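This report concerns only the one structure given below.
None of the values given here were measured: they were computed from a predicted structure.
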Amino acid sequence: MKKIELLAPAGNLEKAKIAILYGADAVYIGGKQFSLRSRASNFSLEEIKELVDFANELGSHVHVTVNMLPHENDTDGLREYLLDLDHAGVHAIIVASPAIMTLAKKLNCSFEVHVSTQHSSTNSSAVRFWKSKGMDRVVLARECQLDEIRQICKQDILPIEVFIHGGMCISYSGRCVLSNHMTLRDANRGGCAQSCRWKYHLMDKNEEISDPSNLFSMSSKDLQAVDYIEDFINMGVASLKIEGRMKSAYYLATVVSSYRYLIDKIYENGHATQNDIDYVKKEIAKAENRPTGPGFYQGLPNYKVQLYQDHDETVTQEYVAIVLDYDDKSSIATLQVKNNFMPNQIMEIFGPTIPSTKVMIKDVYDEDENLCEVCNKPMQIVHTKWTGPIEKHAMIRKIRVV
């Protein structure tokens, strides 16, 4: 059986490389054209080519989202763009528009064409339809339940991709027009204002029934599918997808490495122990995050999977530094400061090959060899004597009880 793919998002080149280094088998990114998530940095063709070369060296793949639902004036340059992606060597494109799918196939591009979750494919008949159109993979709707995914996979029509982590839509995925109506920003053309997460005064005619000090919202909890990874592997799902092209490099490193650990444990031992699952949940909780739930995997979500108040994302400041380099002879580590921290403290390091490990951060010096009483200048380069595990691209964080 082919090993399941772990697919991670990336909003820029740095994040994409971090995701691959921390265990992603593939990353999905947006180009400058024809992509949703217009507020992400997105990639130029030169950056896409650089990322493809980087991924190829490490045995990973690059998928590019071409998932806008284009209007009449949005298609200029599409043919040339698809050919440019093909020339760059991308491994797949993720598409919502049948016209773009058909064009990519007519151009005989070498990349695979994956049907976007924007199509809300929820059954085997839809998957069979996409196969008849020559598509290579279907990304199922987030609204599919576990048994439904199992039944679809059992028919072995096309490779199936499912979401395992990240944001959920309060509406049926891809069908919401709140943003269009309230801000003239089209969610299906990359401009979603996430209007559901705004805070509202809830009125019954002229009477306010919401608490003015704790206003109403309509947001869903984020998806976290740690408990179902073994099920997906046993079903024969092809790819496990993490959502979040707007997320930080630290978030991606934490979430990707956690799921990577769990997947590898399942393949190594044939199953995941409860200790494995508890460990992964604890690791994921160390990233900046919103409250999580099972999405639709346990059935139709009830009120416990929604956030009606206090829905704001928590951005933690536990991530304090990244390892830029390490000299074996002198045992000196070169770090870049990310958040405020005090030297001579016990912290935690984790990296592409290092599991979370407690370490003592000793005296820290700036580039002029001045002793730092506190490290509180983001992006500052500092040096410290190091004992314990370390590797380039590893991240250092404060210890937080979760």
Side-chain angles (χ1 to χ4, degrees), residues 5 7-17 19-20 24-119 121 127 129-139 158-161 174 186-191 238-239 241 243 245-246:
E5 175 187 84
L7 177 60
N12 60 36
L13 190 57
E14 176 206 3
K15 295 176 186 179
K17 290 182 177 181
I20 291 171
D25 299 301
V27 292
Y28 65 99
I29 62 173
K32 297 290 186 183
Q33 300 170 271
F34 310 108
S35 174
L36 298 185
R37 292 294 182 266
S38 59
R39 291 182 295 118
S41 298
N42 290 337
F43 289 67
S44 65
L45 286 167
E46 292 76 15
E47 289 173 325
I48 291 173
K49 182 65 172 68
E50 180 181 340
L51 179 58
V52 168
D53 292 341
F54 180 85
N56 285 340
E57 288 182 7
L58 296 176
S60 296
H61 288 176
V62 176
H63 303 179
V64 177
T65 57
V66 191
N67 55 352
M68 175 191 285
L69 294 177
H71 290 217
E72 193 63 30
N73 296 324
D74 292 330
T75 58
D76 292 344
L78 174 60
R79 182 180 185 276
E80 294 75 12
Y81 181 65
L82 293 175
L83 291 173
D84 285 338
L85 292 180
D86 194 34
H87 180 71
V90 305
H91 303 88
I93 60 172
I94 306 169
V95 189
S97 166
I100 297 177
M101 297 177 193
T102 303
L103 178 58
K105 289 298 182 179
K106 283 183 177 178
L107 292 173
N108 292 316
C109 294
S110 58
F111 50 66
E112 292 187 352
V113 180
H114 298 174
V115 180
S116 169
T117 191
Q118 292 292 109
H119 267 295
S121 299
V127 178
F129 170 82
W130 292 120
K131 182 177 182 178
S132 73
K133 299 303 179 184
M135 300 304 106
D136 301 291
R137 181 190 290 184
V138 174
V139 186
L158 280 177
I160 295 299
E161 181 175 304
D186 192 334
N188 284 320
R189 299 169 77 191
S239 182
K241 188 171 195 171
E243 185 274 339
R245 278 196 277 155
M246 304 294 290

Identify the two heavy atoms, one from [X] and one from [Y], that lie closest to each other, and give their separation to 0.1 Å.
X: Thr65; Y: Gly30; result: OG1-CA, 3.3 Å
X: Thr75; Y: Pro70; result: CG2-CB, 4.0 Å
X: Tyr28; Y: Ile94; result: CB-CD1, 3.9 Å
X: Lys15; Y: Ala10; result: C-CB, 3.9 Å
X: Ala88; Y: Lys49; result: O-CD, 3.3 Å
X: Ser97; Y: Leu69; result: N-CD2, 4.1 Å

Under a 4.5 Å cut-off applied to non-hydrogen side-chain atoms, are [X] and [Y] in contact?
X: Val62; Y: His91; result: yes
X: Leu51; Y: Val27; result: yes
X: Ile29; Y: Val90; result: no
X: Leu158; Y: Asp136; result: no
X: Thr117; Y: Glu243; result: no

Look at the rings of His119 and Trp130 and say which category their plane angle falls in: under 30° parallel, 30 to 60° tilted, over 60° perpendicular.
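Rings of His119 and Trp130: tilted, 30 to 60°.
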Derivation of the side chain to side chain contact (heavy atoms under 4.5 Å, CB included) call for His63 and Arg137
CA-CA 12 Å; His63 303 179; Arg137 181 190 290 184; 3.7 Å; yes
Value rounded to 0.5 Å, distance of [atom1] in [X] from [atom2] in [Y]:
X: Tyr81; Y: Ile100; atom1: OH; atom2: CD1; result: 10.0 Å
X: Asp84; Y: Ile48; atom1: CG; atom2: CD1; result: 9.0 Å
X: Leu58; Y: Asp53; atom1: CG; atom2: CG; result: 11.5 Å
X: Glu112; Y: Ile93; atom1: CD; atom2: CD1; result: 10.5 Å
X: Ile20; Y: Glu57; atom1: CD1; atom2: CD; result: 10.5 Å
X: Leu13; Y: Ser44; atom1: CG; atom2: OG; result: 8.5 Å

For Ala24, is there any backbone N or O sitting under 3.5 Å from a side-chain donor or acceptor partner on Ser60?
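Present.
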Under 3.5 Å, side chain of Asp86 to main-chain N/O of Ser110, donor-acceptor pair present?
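Such a contact is found between Asp86 side chain and Ser110 backbone.
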Does a sphere of radius 6.0 Å around NZ in Lys105 hold more than 12 heavy atoms from other residues, nucleotides or ligands, not counting ones at 6.0 Å or beyond?
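Counting other residues, nucleotides and ligands, NZ of Lys105 exceeds 12 neighbours.
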Working note: Lys17 + Glu50, criterion side chain to side chain contact (heavy atoms under 4.5 Å, CB included); need CA distance, chi angles, decisive distance, verdict.
CA-CA 10 Å; Lys17 290 182 177 181; Glu50 180 181 340; 2.9 Å; yes
Qualifying residue for side-chain contact (heavy atoms from CB on, under 4.5 Å) with Val115, from Glu161, Lys133, Met135:
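Between Val115 and the candidates, side-chain contact (heavy atoms from CB on, under 4.5 Å) is satisfied uniquely by Met135.
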Kindly indicate, with the supporting measurements, whether the criterion side-chain hydrogen bond (donor to acceptor under 3.5 Å, both in side chains) is fulfilled by Asn67 and His114.
CA-CA 10 Å; Asn67 55 352; His114 298 174; over 6 Å; no
Would Lys32 and Glu47 pass as an ion pair if we require N to O under 4.0 Å?
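Not counted as a salt bridge, because no side-chain N and carboxylate O are separated by less than 4.0 Å.
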